[in-house]
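Shown next, in structure tokens, is the structure this report addresses.
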Protein chains: 2
Amino acid sequence: MRKIADSTVRRLSLYLRFLEEFEGQGIETISSGALAGRGGTTSAQVRKDLSFFGSFGKRGLGYSVPELVQALHQILGLTRHYRVALIGAGKIGSALVENRGFRRRGFDFVAIFDRDPAKIGRALGGVQVEDVAQLEASLTRTHADIAVLVTPPEVAQSVADRLVHLGIKSILNFAPLQLVVPANVTVKTVNLALELEALAYHLANPN
Amino acid sequence: MRKIADSTVRRLSLYLRFLEEFEGQGIETISSGALAGRGGTTSAQVRKDLSFFGSFGKRGLGYSVPELVQALHQILGLTRHYRVALIGAGKIGSALVENRGFRRRGFDFVAIFDRDPAKIGRALGGVQVEDVAQLEASLTRTHADIAVLVTPPEVAQSVADRLVHLGIKSILNFAPLQLVVPANVTVKTVNLALELEALAYHLANPN
DNA sequence: GTAGCTTTGTGAAACATTTCACAATGCTAG
DNA sequence: CTAGCATTGTGAAATGTTTCACAAAGCTAC
């Protein structure tokens, strides 16, 4: 498949969210313009984004909401569940595990690791926290698809190396640094300090 | 000032982090290549990013670490502190407030709001949680620069409207929807489900 | 002072993404 | 069946971002 821009994938994900909302309201059909208005983009952008994957609408009419929902599930790979391992059971980590929304969308936390003996053995969102020393032993059994990394920055890279070695291909990284991984591993980094600094920049340099 | 790409601002923020680390190690001077290697980009990109704001290096030698740190602080608007209001004192919200890193970087939480009577009156990170009904009264006194919005999606837009009406110009949004705000207000949205879906896409469509 | 080495700063080229604009299509009404 | 309207799908144009490549500059050694 032709290379798709990350920005396109993210927008598709947004469209899907809106479409599910429309579907819940019993709306049958929607135009690219209406979808765009809801997602802060333009109708041409919506049509172009979808056109990379096929032709889902009817000219003159728009898109069938249920059909497009189904198509986007297919495109985004959401027709199956994903097994997620959490490394770091601190405040952010536990907030993620206990978030109902992820499970509803097919992301199941199947293993949780921490270094702190006070946390090991306790249950979070129905999963028992294991010693991060057991990472290899446990993940070999568990077969996680995605790792969520919420460790202190000092150990993030070495944990990432171990995850890569275990065959993990997708990492969601909350540690405030740039992970170095092989090209076939996808990392998405969420860096909150960086978001705040981008806001500070806009306050300091209003257009 | 000429319009600077968001991607450039974000990279500058990353460079600053690495530079502070180098500074802590007593390193005096660094080349664009060394900075790039650390940040997953290229030396040309580093030089181009900096060139939008001036000329900070010495040919043949590189950049003085302390000087560049200082320059980036200036550029990013980090020479002063920012007053941050948190709306939503749930798990993610409290994890943010109690994070030492933000305060260290000059982002001070000065007000916290929630709807839940069980939370109102309790202190989080040294700040007392107020009833979100008091938003207007309290923020008029407090003069926050930045709002961090961690409410359920149903109320996020209406709270955002109230914040905009209070004169807030920068919002960091964790609610999983697209906020509609006037053009002079900057919103950065952190949508974790969307990040996971982007990872799912890459698992479903490996290149 | 000069040669040799290194590294910046920056136009220009290459590449990527978004927007435009319009032919093609399908629906509705009469 | 035809006219009129709405809306898609998509090349082409416009715009935005990254990479290239090289002259300019500064340091070191002698």
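So you know, we letter chains A, B, ... as the sequences are listed, proteins then strands, and number each from 1. Worth knowing before you read on, the calculation uses all heavy atoms, side chains too, and leaves out hydrogens, waters and symmetry mates.
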Using a cut-off of strictly less than 4.0 Å, decide whether [X] has a side-chain nitrogen or oxygen near OP1 or OP2 of [N].
| X | N | result |
| --- | --- | --- |
| B:S55 | C:dG9 | yes |
| A:S32 | D:dT7 | no |
| B:Y63 | C:dG9 | yes |

[X] side chain, from C-beta outward: closest of [options]:
| X | options | result |
| --- | --- | --- |
| A:K48 | D:dT10, C:dC27, D:dT17 | D:dT10 |
| B:Q45 | C:dT19, D:dA23, D:dT19 | D:dT19 |
| B:A44 | D:dC20, D:dT10, D:dT8 | D:dC20 |
| A:R11 | D:dA24, D:dT17, C:dT18 | C:dT18 |
| B:K58 | D:dT10, D:dC27, C:dG9 | D:dC27 |
| B:R59 | D:dA24, D:dT10, D:dT8 | D:dA24 |
| B:S7 | D:dT17, D:dC27, C:dT25 | D:dT17 |

Given atom [atom1] of [X] and atom [atom2] of [N], what is their separation to the nearest angstrom?
| X | N | atom1 | atom2 | value |
| --- | --- | --- | --- | --- |
| B:F56 | C:dG9 | CZ | C1' | 12 Å |
| B:D6 | C:dA16 | CG | C1' | 17 Å |
| B:L61 | D:dA24 | CG | C1' | 15 Å |
| B:L50 | D:dT18 | CG | C1' | 15 Å |
| A:L68 | D:dT7 | CG | C1' | 14 Å |
| B:I4 | D:dG16 | CD1 | P | 13 Å |
| B:F53 | C:dT10 | CZ | C1' | 16 Å |
| A:R47 | C:dC20 | CZ | C1' | 10 Å |

Check: A:S138 side chain, A:L135 main-chain N or O, donor-acceptor pair, under 3.5 Å: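 Pair absent, no side-chain N/O of A:S138 close to backbone of A:L135.
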
Under 3.5 Å: donor-acceptor pair, side chain of A:N99, backbone of A:S94: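 Side chain of A:N99 to backbone of A:S94, a donor-acceptor pair under 3.5 Å: no, none is there.
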
Six-ring centre of B:Y82, B:R80 cation under 6.0 angstrom, axis tolerance 45°: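 Because its charged atom sits under 6.0 Å from the ring centre and within 45° of the axis, B:R80 does stack over B:Y82.
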
Presence of salt bridge, B:R10 and A:E195, under 4.0 angstrom: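 So A:E195 pairs with B:R10 through a salt bridge.
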
Touch class at under 4.0 angstrom, heavy-atom based, for B:T41 against every strand present: nothing

Contact nearer the 5' end of DNA chain D, comparing A:G54 with A:G60: A:G60

Ring geometry between B:F53 and A:Y201 (parallel below 30°, tilted from 30 to 60°, perpendicular above 60°): perpendicular

5'-most by nearest nucleotide on DNA chain C - A:D49 or B:S43: B:S43

First encountered from the 5' end of DNA chain C, between B:G33 and A:T42: B:G33

Between B:Y63 and B:F56, ring centroids under 6.0 Å: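 Ring-ring flag for B:Y63/B:F56: false, centres at least 6.0 Å apart.
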
